[in-house]
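Proteins come first, then strands; the chains are lettered A, B, ... in the order of their sequence lines, and each starts at number 1.
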Amino acid sequence: MGIENLFLGFEVAITPFNVWVAVLGIVLGTIIGVLPGLGGANGVAILLPVTFTMPPTSGIILLTSIYWGALFGGAITSILFNIPGEPWSVATTFDGYPMARRGEGGQALTAAFTSSFVGAFFSIVLITLFAPLLAEVALRFGPPEFFAIQFLTFSSFVGLGGGNPIKTIVAILLGFILGAVGLDIVTGQLRMTFGFNGLMTGFDFIIAVIGLFGIGEILLTVEEGLRFEGTKTRMHPRVVLDTWKILPAYWRTFLRSSFIGFWMGFKPGGATPASFMSYAFAKRFSKHQEKFGKGEIEGVVAPETAAHAAGVAAILPMITLGIPGSPTAAVMLGGLIIWGLQPGPLLFTEKPDFVWGLIASMYTGNIIGVLMVLAFVPFFAAILRIPFAILTPLIIVVCAIGSYAVHNSMLDVWYMLIFGVVGYVFKKLDYPLAPLVLALVLGDLAENALRQSLIMSQGSLGIFFTRPIAAAITLFAIFIFTLPIVSRCWRRLRGLPLAPPAPREI
Amino acid sequence: MRAAEIITASVLGLLGGLVIADSLRLGIGWGTDGPKSGFFPFWLALIMVVCCAIICFQESRRATGTFVEREKFKPVLKVLWPAVLAVGLMEWLGLYVAAALYLGFYMRWVGRHSWSLVIVLSLGVPLATFLIFEQWFLVPMPKGPLEAWLGY
């Protein structure tokens with residue numbers, strides 16, 4: 001049954017228009033990934049209005065292609081400029097930049113792109129196999145189960161996200177509160193508008209994404225003093241082929257990193273820890289550990305494979321449960337709602353051409369992507385040589401266009417600036433932005449699930465513990481939520497030194 | 001750093017207080033058809049206020065540091081205030097004219113690029129934007145007197 005559907009999907013994905021959309025998306029995405037201040041999430045957010053006039057399937061193909069492009073673009077800046085464009089590219093700089101300094105930039109980039117492709121491909125195959133099954137299970141979920149899954153989503157940010165867990169909680173709550181502003185669709189009452197008409201429609205998370213990640217990131221980059229000292233690189237077809245000859249020897253690393261990536265990735269906020277974990281494992285199992293950090297090709301392969309496997313895996317909960325695993329997936333989810341599709345398990349039965357077109361386009365998009373970035377690396381790298389005084393106002397204008405286009409509202413552009421300043425302050429003070437955005441997106445869904453659950457149980461929270469599936473998820477969520485405290489007590493009990501707080505995810 | 005932490009946490013805490021007040025107005029209990037409108041925000045805000053208090057307490061015991069050095073903050077402001085001004089101009093002049101002025105001003109003032117480059121880019125970018133968004137993807141942008149004069 002899966003295979004037929006997949007073929008159906010390919011019929012949708014390989015139409016000339018959709019292939020063209022994928023190519024466009026990958027070019028734009030790679031540029032976005034290379035530029036400072038524009039990452040996957042806000043790149044997708046800015047270009048979301050462009051898809052309003054497209055059929056939904058082409059729209060989602062454009063958005064996912066931008067995402068793949070941004071993932072590829074992150075590797076270019078990490079290796080050639082030692083600037084991780086995204087947090088999950090940090091581990092790629094460890095060995096990628098030394099390789100580029102040694103004049104092996106071509107090898108490093110080939111290894112990075114190929115690993116990205118392998119990781120992504122692995123995850124796509126797993127999604128193809130598991131998504132229909134998960135959707136079928138999820139069809140039997142009621143409001144309590146959905147609320148439990150949302151609780152689990154946010155618990156993983158608190159328990160696994162690193163940093164100060166209290167600040168993570170504050171960020172999540174702030175996201176939910178901002179999401180609740182405006183009209184309450186259940187009772188029809190206005191909430192927290194305090195008499196301002198502008199607040200009636202509430203805060204759109206797309207504006208929040210553009211402001212927090214786009215403008216906030218630019219302010220941070222300026223403060224840190226931007227200096228691009230790139231290494232020159234030439235991509236010779238010979239270099240690519242020679243590197244491809246070495247790479248199969250690292251099949252163990254590929255396989256291990258893909259598994260780590262997929263496993264970490266379908267839970268929220270997994271790409272960055274996955275890349276670090278995969279790097280650490282590769283180093284531990286390597287015969288020449290001393291070479292790591294000095295330009296070992298395996299040190300590029302491991303984090304890139306895992307990061308892409310995780311990035312792709314984040315799509316799985318979005319299409320099956322309607323719960324995004326990353327801010328980028330959250331923006332795509334917002335797109336689905338705007339196109340008039342109901343995200344969640346019903347999508348598989350009601351819109352099979354959309355779902356399978358999306359899944360098939362993940363295959364084609366990644367194949368087109370890896371070929372294009374390999375061919376056009378010098379072009380993409382040249383973007384970073386554009387003077388900063390030109391890039392900054394350009395990016396800000398692009399962000400303003402994106403914010404305005406969502407609702408044709410100037411007020412949104414002002415919100416974007418405010419969110420930008422908030423993003424700058426939050427980033428400096430280590431309040432995580434990803435859970436804030438996810439809470440803003442899921443706010444209404446979570447509240448409705450909670451309300452309906454409470455109506456079912458007549459106000460008792462016990463419903464989350466008496467239904468078997470809900471209970472299992474809730475208990476697991478509570479365990480993850482308390483993980484920071486548990487691990488601290490455990491260490492104290494064993495007399496181990498307290499671990500320094502883990503670095504922030506996003 | 002400490003001051004910035006405490007101020008931020010206090011502002012967020014105050015925001016939580018506002019939300020609690022509004023939730024109480026809406027009712028936080030059980031209505032005729034399930035929880036009232038204020039139920040969900042009330043609990044969110046209450047936990048947020050508690051968390052902000054904890055952050056204030058944690059930070060007040062920590063050594064102080066600088067949030068941002070004066071020298072490093074200058075470029076940040078240099079990006080921020082022209083952007084605010086540009087958005088203000090957008091209200092009056094529309095996006096295209098405002099973008100042209102903003103791009104030109106910033107490139108000349110911060111980047112000290114040659115006038116020819118400044119003019120080409122500050123006219124070319126809005127024009128390209130117009131063609132891509134307005135004509136190709138049919139996404140309207142805010143317009144001002146110039147566009148009205150041109151008949152758009």
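Contact of B:Leu15 with chain A is made through the side chain alone, with heavy-atom distances under 4.5 Å. With a threshold of 4.5 angstrom between heavy atoms, B:Ile132 does not approach chain A through any atom at all. Residue B:Trp136 touches chain A through its side chain alone, counting heavy-atom pairs closer than 4.5 Å. Both the backbone and the side chain of A:Leu394 come within contact range of chain B, with heavy atoms under 4.5 Å apart. A:Ile396 touches chain B through its side chain: at least one heavy atom from C-beta onward sits under 4.5 Å away, while N, CA, C and O do not. Residue contact with chain A, scored on non-hydrogen atoms closer than 4.5 Å, involves the side chain of B:Gln58 exclusively. In this structure, the portion of A:Tyr404 lying under 4.5 Å from any heavy atom of chain B is its side chain and not its backbone. Both the backbone and the side chain of B:Val84 come within contact range of chain A, judged by heavy atoms closer than 4.5 Å. Both the backbone and the side chain of A:Ile177 come within contact range of chain B, judged by heavy atoms closer than 4.5 Å. Both the backbone and the side chain of B:Ile47 come within less than 4.5 Å of a heavy atom of chain A. Of the two parts of B:Arg112, neither the backbone nor the side chain holds a non-hydrogen atom closer than 4.5 Å to a non-hydrogen atom of chain A. With a 4.5 Å cut-off on non-hydrogen atoms, A:Gln452 does not touch chain B at all. In this structure, the portions of B:Val110 lying under 4.5 Å from any heavy atom of chain A include both its backbone and its side chain. Using a 4.5 Å cut-off between heavy atoms, B:Ser23 makes no contact with chain A at all. For A:Leu417, the part lying near chain B is the side chain, with the backbone staying farther off; criterion is any non-hydrogen pair under 4.5 Å. Looking at B:Phe133, only its side chain comes within 4.5 Å of chain A, counting heavy atoms on both sides. Looking at A:Ile169, the atoms closer than 4.5 Å to chain B (heavy atoms on both sides) all sit in the side chain, from C-beta outward. Interface remark: A:Val186 contributes no atoms to any contact with chain B (heavy atom separation under 4.5 Å). Contacts between B:Leu44 and chain A at a heavy-atom distance below 4.5 Å involve backbone atoms as well as side-chain atoms. Only the side chain of A:Val421 comes within less than 4.5 Å of a heavy atom of chain B; its backbone N, CA, C and O stay farther away. With a 4.5 Å cut-off on non-hydrogen atoms, B:Val139 touches chain A through its side chain but not through its backbone. For A:Ile401, the parts sitting under 4.5 Å from any heavy atom of chain B are the backbone and the side chain alike. When heavy atoms are compared at a cutoff of 4.5 Å, B:Ala9 approaches chain A by way of both its backbone and its side chain.
In the displayed structure, A:Trp339 atom CH2 is contacted under 6.0 Å by more than 12 heavy atoms of other residues, nucleotides or ligands. Atom CZ of A:Phe194 has more than 12 heavy atoms from other residues, nucleotides or ligands within 6.0 Å. More than 12 non-hydrogen atoms from other residues, nucleotides or ligands lie less than 6.0 angstrom from CD of B:Gln135.
Looking at B:Leu80 and A:Tyr424, their side chains never come closer than 4.5 Å, going by heavy atoms from C-beta outward. In this structure, A:Gln189 and B:Arg25 have side chains that are not in contact, with every pair of non-hydrogen atoms separated by 4.5 Å or more. Between A:Leu454 and B:Phe39, some side-chain heavy-atom pair lies under the 4.5 Å cut-off. Within the 4.5 Å cutoff, side-chain heavy atoms of B:Glu91 are placed close to those of A:Trp414. B:Pro142 has its side chain out of reach of A:Asn408: every pair of non-hydrogen atoms, C-beta onward, lies at least 4.5 Å apart.
Contact count against chain A (heavy-atom pairs under 4.5 Å) is highest for B:Pro35 among B:Pro35, B:Gly16, B:Pro82, B:Gly111. Of the listed residues (A:Ile166, A:Asp184, A:Thr193), the greatest number of heavy-atom pairs within a distance under 4.5 Å of chain B belongs to A:Ile166. Listed options B:Gly38, B:Cys51, B:Ala83 were ranked by heavy-atom pairs under 4.5 angstrom with chain A; first place goes to B:Cys51. Your options are A:Glu223, A:Met416, A:Gln458, and the one with the most heavy-atom pairs under 4.5 Å with chain B is A:Glu223. Of the listed residues (B:Ile55, B:Leu95, B:Val50), the one with the most heavy-atom contacts under 4.5 Å to chain A is B:Ile55. No other option in A:Val50, A:Thr53, A:Leu190 has as many heavy-atom pairs under 4.5 Å with chain B as A:Val50.
For B:Ser37 against A:Arg191, the heavy-atom pair with the smallest separation is O-NH1, 2.7 Å. For A:Met410 against B:Val87, the heavy-atom pair with the smallest separation is CE-O, 3.6 Å. In plain terms, the two heavy atoms of B:Asp22 and A:Met192 that are nearest each other are OD2-N, 2.6 Å. Closest non-hydrogen pair, B:Met141 versus A:Ala405, comes out as CE-CB, 3.8 Å. The two residues A:Ala400 and B:Met90 have their closest heavy-atom pair at CB-CE, 4.0 Å. Between B:Ala4 and A:Leu429 the shortest heavy-atom distance is O-CD1, 3.8 Å.
For A:Phe481, the ring-ring contact (aromatic ring centres under 6.0 Å, His included) test picks out no residue, with sequence neighbours left out. Residues passing the side-chain hydrogen bond (donor to acceptor under 3.5 Å, both in side chains) test with B:Lys36, sequence neighbours excluded: none.
Rounded to the nearest 0.5 Å, atoms CE (B:Met107) and CG (A:Leu391) are 10.5 Å apart.
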